[in-house]
Asker: 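One structure is given below, represented as structure tokens, and several questions about it will come after.
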Amino acid sequence: AARLCSGAGGEAKAADGDGAMLRHLTRKLRASGPVTVAEYMREALTNPGQGYYTRRGGVGESGDFITSPEISQVFGELIGIWYISEWMAMGKPNTFQLVELGPGRGTLTDDILRVFKQLASVLSKCDVSVHLVEVSPKLSEIQAVMLTGGKVQPNPEDKSAYMKGISKTGIPIFWYRDIQDVPPGYSFYLAHEFFDALPIHKFQRTEKGWREVLVDIDPEVPDQLRFVLSPSRTPATQNFIQPEETRDHVEVCPEAGVIVQRLASRIEKDGGAALVADYGHDGTKTDTFRGFRNHKLHNVLSAPGTADLTADVDFSYLRKMAQGRAATLGPIKQREFLKNMGIDLRLQVLLQNSGDTATREQLLHSYDMLMNPEKMGDCFNFFALLPHHRLVHPDKKDKPESKSPLPPVAGFNELLLK
Ligand code: SAH
């Protein structure tokens, strides 16, 4: 039961938790009127006292949803290979930062660091550090245990990183609340199921023009929330709906746009690459806002703070927000990306090396979860930001014959590791 494509599964009945977030929201709505869906989502997920990620952050089998890195170690290993392949293609710079946004339980970075260790001879002269951007105190603790065995210290002398430690493989790790706090420098960025958790605005086309969907108290039922439409246009309708829009319902995630702008500028200035993996679409879908609790779909307006809220990532919007500062690749389906990265070969090796039937069945089952088009294979996508010179030679008019072909970008093409 992963968070699959929109509409999958039945609706879960909501139990109300302790209702603290609902009380906080109804007080706010009574005092100042309906709020945007983005404001509602921000409160429900990352409110410092009662937010879902702040308190629960239920990634994993015992939580509310499961993600690819939690399903199979192979997923993170292949992503680790992607970074090494790009590092080599970019001329093996002698230092890089691995920056993960929203690391969940830390499993993905753990798998990547294991690959870095196995390929230590390749990376030997490279100075690597890890930088995690995480708002949830609860999840940062889980990440610290996973990655360092719990050996971390608060970092009050440095105002940007709130915690630091050393990974089990000997690499320094720092934690931040915001990407802007991560020091500049050559960096490989990773965002797996991160952008889908950021707050979206929702808009509905009506006979009177575009209206924003808002969240309000239901006057008929005490302590229940409902969606309403703004009586007139809001600043967001003006800013985010394109005149050529053909859909009747549109979701926009401005926070994702701001983060992609930052990533693109940083890559343009300092070099590196970003890999974004998430479920999403290319500017075609309409209503994808949904909730998950105990691995079941959950009414987004019921018991806020107790369920994960999410919306499909609009990759066309991310591409637009890169504003030409970085080149983009994808979105490409997860099953194609992993196939290009050599998942079949990796599976064969693991199957050959595993002695017992149970392990083999587990390997085949997790491969099916990641690759089957009906499961995670089709609705999850990979998308990359790269410096322009990684894809196109800078213009060398005087000596065009000196251009050697640029190596293809792994995942989006077949992996060619020498
Ligand atoms: N990448 C992980 C976890 C995905 S869940 C995996 O695939 O398993 C989303 C993650 O993003 C959580 O770690 C959550 O706490 C974090 N997060 C959500 N909103 C955030 C924000 N605004 N800034 C930083 N981290 C955020």
Side-chain angles (χ1 to χ4, degrees), residues 1-4 38-48 50-76 78-79 98-112 130-147 160-163 174-182 189-200 253-260 262-263 274-280 290-293 295 305 307-311 313 334 366 369-370 376 379-382:
R3 298 190 292 184
L4 298 180
E39 180 61 17
Y40 171 75
M41 208 171 159
R42 183 173 300 111
E43 286 279 7
L45 291 182
T46 55
N47 174 293
Q50 301 296 333
Y52 171 77
Y53 283 117
T54 322
R55 286 194 341 157
R56 272 163 68 111
V59 195
E61 227 158 319
S62 60
D64 297 299
F65 60 95
I66 188 137
T67 58
S68 295
E70 302 292 329
I71 288 170
S72 169
Q73 67 175 75
V74 176
F75 186 83
L78 295 177
I79 290 185
L98 175 69
V99 183
E100 186 176 8
L101 309 179
R105 305 179 62 81
T107 313
L108 187 48
T109 287
D110 197 46
D111 291 337
I112 293 172
V130 171
H131 305 261
L132 305 176
V133 179
E134 176 58 75
V135 278
S136 162
K138 173 121 197 196
L139 283 171
S140 64
E141 264 170 47
I142 296 176
Q143 292 151 17
V145 172
M146 167 78 76
L147 294 166
S160 56
Y162 63 85
M163 188 164 77
F174 303 86
W175 278 262
Y176 313 81
R177 288 193 185 83
D178 196 297
I179 173 100
Q180 274 180 297
D181 297 333
V182 177
Y189 301 91
L190 174 59
H192 183 262
E193 288 215 29
F194 169 73
F195 284 109
D196 68 87
L198 299 181
I200 53 154
C253 182
E255 216 167 292
V258 169
I259 293 177
V260 162
R262 291 209 173 110
L263 293 179
L275 193 59
V276 175
D278 226 309
Y279 37 71
R290 58 205 188 279
F292 284 89
R293 185 160 134 163
H295 302 272
D308 176 43
L309 300 180
T310 170
V313 173
Q334 170 156 309
S366 52
M369 273 302 279
L370 297 182
M376 299 168 104
C379 51
F380 281 81
N381 293 277
F382 279 75

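In each ligand, atom 1 is the first atom listed, and ligand 1 is the first ligand listed. The figures here come from the full heavy-atom set of this structure, side chains too, leaving out hydrogens, waters and symmetry mates.
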Asker: Is any side-chain heavy atom of Thr67 closer than 4.5 Å to one of Arg105?
Answerer: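 They are not in side-chain contact.
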Asker: Any idea which atoms of ligand 1 are less than 4.0 Å away from a heavy-atom of Leu198?
Answerer: 22 (N)
Asker: Taking the six-membered ring of Tyr279 as reference, does the cationic atom of Arg290 (NZ for Lys, CZ for Arg) lie under 6.0 Å from its centre and within 45° of its axis?
Answerer: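 Verdict for Tyr279: a cation-pi partner in Arg290.
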Asker: Under 4.0 Å from a heavy atom of Thr67: which atoms of ligand 1 are those, numbered in the order shown and with their elements?
Answerer: 6 (C), 7 (O), 8 (O)
Asker: Counting C-beta onward and ignoring hydrogens, is there a side-chain heavy-atom pair between Leu147 and Leu132 closer than 4.5 Å?
Answerer: yes
Asker: When only distance counts, is Gly102 in polar contact with ligand 1, meaning an N/O pair under 3.5 Å?
Answerer: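 Yes, since at least one N or O of Gly102 sits under 3.5 Å from an N or O of ligand 1.
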Asker: Only one of Met41, Arg42, Glu43 forms a side chain to side chain contact (heavy atoms under 4.5 Å, CB included) with Leu45, so which one is it?
Answerer: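 Going through the options one by one, the only one that passes is Met41.
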Asker: Check the side chains of Tyr53 and Asp308 for a donor-acceptor pair under 3.5 angstrom, ignoring hydrogens and angles.
Answerer: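 Yes.
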Asker: Are His131 and Tyr176 an aromatic pair by the rule of ring centers under 6.0 Å?
Answerer: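 Yes, the ring of His131 comes within the 6.0 Å limit of the ring of Tyr176, centre to centre.
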Asker: Which ligand 1 atoms, with their elements, are less than 4.0 angstrom from a heavy-atom of His192?
Answerer: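 This gives 1 (N), 2 (C), 4 (C), 6 (C), 7 (O) as the contact atoms.
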Asker: Report yes or no: does Leu45 have a heavy atom closer than 4.0 Å to ligand 1?
Answerer: no
Asker: Using a strict 4.0 Å cut-off to heavy atoms of Gly104, name the atoms of ligand 1 that fall inside it.
Answerer: 2 (C), 3 (C), 13 (O)
Asker: Does ligand 1 have any atom sitting under 4.0 Å from a heavy atom of Leu108?
Answerer: no
Asker: Between Val135, Thr54, Ile179, flag the one that comes closest to atom 26 (C) of ligand 1 by a heavy atom.
Answerer: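 Checking each option, the heavy atom nearest atom 26 (C) of ligand 1 is found in Val135.
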Asker: Taking both backbone and side-chain atoms of Glu70, is any N or O found less than 3.5 Å from an N or O belonging to ligand 1?
Answerer: no
Asker: Check each atom of ligand 1 against the heavy atoms of Ser136 and keep those under 4.0 Å away; list them by number with element.
Answerer: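 Close to Ser136: 15 (O).
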Asker: Are the side chains of Val130 and Phe174 in contact, using a 4.5 Å heavy-atom criterion?
Answerer: no
